[in-house]
Amino acid sequence: MEFDTDGYFLVLFSFTSNLMWGCVTKSLGVLLPTLTYQFTTHTWVIGMIASVLTITSHLGGLLTMPLDERFSCRRLLIVTSAVESIGLLLFPLARSTIHVALALAVLVGPNVGIIMVLNKVVLTRHFRERFALACGIGHAGQAVALLAFAPMTQLFLDTYGWRGAALLLAGISMHQIASAAVVRVTKAQYKPLTDSLDNHQDDIDKEGCRSRGKKSILHLVKAVDLGILLEFKFWIVFMIRFGVSFTFNAWVLYYVPHLEVKGFSPQVAAALCSAAAVGYFLGSIIWAPLIDRGIMKCSTAIIVSSLFLSLSFVVDPWVNDIPSYAVATFICGLFTAALYTLQDVLTRDMFEMDRLVSAFVWGRLFLFAPGILAGFLPGWIYEARGSYDLAFIVIGLGPTLCLLPLIIGLLRKTTSGL
């Protein structure tokens, strides 16, 4: 039985890590105006620090590959969770924006990147038949963060000030250390990869320090697994993640401004975001029963989810009342979460167990691209056209267009795992 004690603790950690990453990002958004005032700086400076935090979380994932080779997953999870909490504890002690940047971008970001990769890897190593459900429950942590931490941070801010609010959030983050401590993972054992270099390792070892250095470099190159970037199946998985990340990031940035342009009050616009959070929570597990039981293929669920996600944006110009927007926003959250979960499932299906770390790391590394595009393109279209209608149609086309590599792979029938 996969949902034994170890399985429950693994899912708990996955849920907690997603919850805490959502906590950090949502809390920074709430604290942004206050931090701008307290440090007498510009809004873009605090916004840039938040962006650097996200970028370092993507880059930090690269450290997972060599670290996973040397240390146990449990030890890595405990240490990285502790360092992340230390960074959040130092944040309220900051006396300048440089201190804030160092605490978040150096201590929090890279460790979040390692944690987000490892929590997927440990789930894939434990769950064989119920992976979609386990992964979906983990992703639901983001929905809880979306619902809970924005109002909670505002309450903390009003009651204790920004330093007290940040300190309380750092205290909450320490629950992740406890979740990591109870994780039990048996490190997967793989057959060593053999090639012409490996066949002569004994001879190389005898050639002295220079040859040992060459051996170390070759081992590092093998651990980084750059060859995965030349494989078509990697780009199938990545483009799915690209499409949903572009769409969701653009929605986060422009949904409320778009509704305000259409005449809705800020309070109504913010309230409608709750519909997306509810949809996100349900979407994390919507396909799990069908996929885990083999009733539906993961690729089919991805195509259906992408089309519905696109539809929720394409119809936007013709939606003008609150109930219709609530439905469209719910559908957006529902199928966004579904695609995030399905992308992880497809990665597990398409790559061998010993290459999952590489697949997850490189897939996460390039996520800065959809983030930059999501910030620039809709705003540029709005400035050019004076309306968000066309911008939201373009945003909605993203997930459908990114299905092209998947469809090619299905038609070729040569890509395993589809």
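Separation of the F238 and W235 ring centroids falls under the 6.0 Å cut-off. Aromatic rings of Y382 and Y254 (six-membered ring for Trp) have centroids beyond the 6.0 Å cut-off, not under it.
Residues W287 and S305 have side chains that bring a donor and an acceptor to within less than 3.5 angstrom of each other. Donor-acceptor pairing under 3.5 Å is lacking for the side chains of H258 and D389.
The side-chain tip of K262 does not point at the ring of Y388 from less than 6.0 angstrom away and within 45° of straight on.
When the shell of 6.0 Å around CZ of F232 is examined, it contains more than 12 heavy atoms from other residues, nucleotides or ligands. More than 12 heavy atoms of other residues, nucleotides or ligands lie within 6.0 Å of CZ in F366, so this atom counts as buried by the packing criterion. More than 12 non-hydrogen atoms from other residues, nucleotides or ligands lie less than 6.0 angstrom from CG of L307. In F39, the CZ atom is crowded: over 12 heavy atoms of neighbouring residues, nucleotides or ligands sit closer than 6.0 Å.
Listed by first then second residue, pairs satisfying ring pair (Phe, Tyr, Trp, His ring centres under 6.0 Å) with a partner in residues 90-112 read F91-W162, not counting sequence neighbours.
Atom CZ of R163 and atom CG of L167 lie 11.0 Å apart (nearest 0.5 Å). The structure places CG of N119 at 11.5 Å from CG of L12, a figure rounded to the nearest 0.5 Å.
Looking at T329 and C273, their side chains never come closer than 4.5 Å, going by heavy atoms from C-beta outward.
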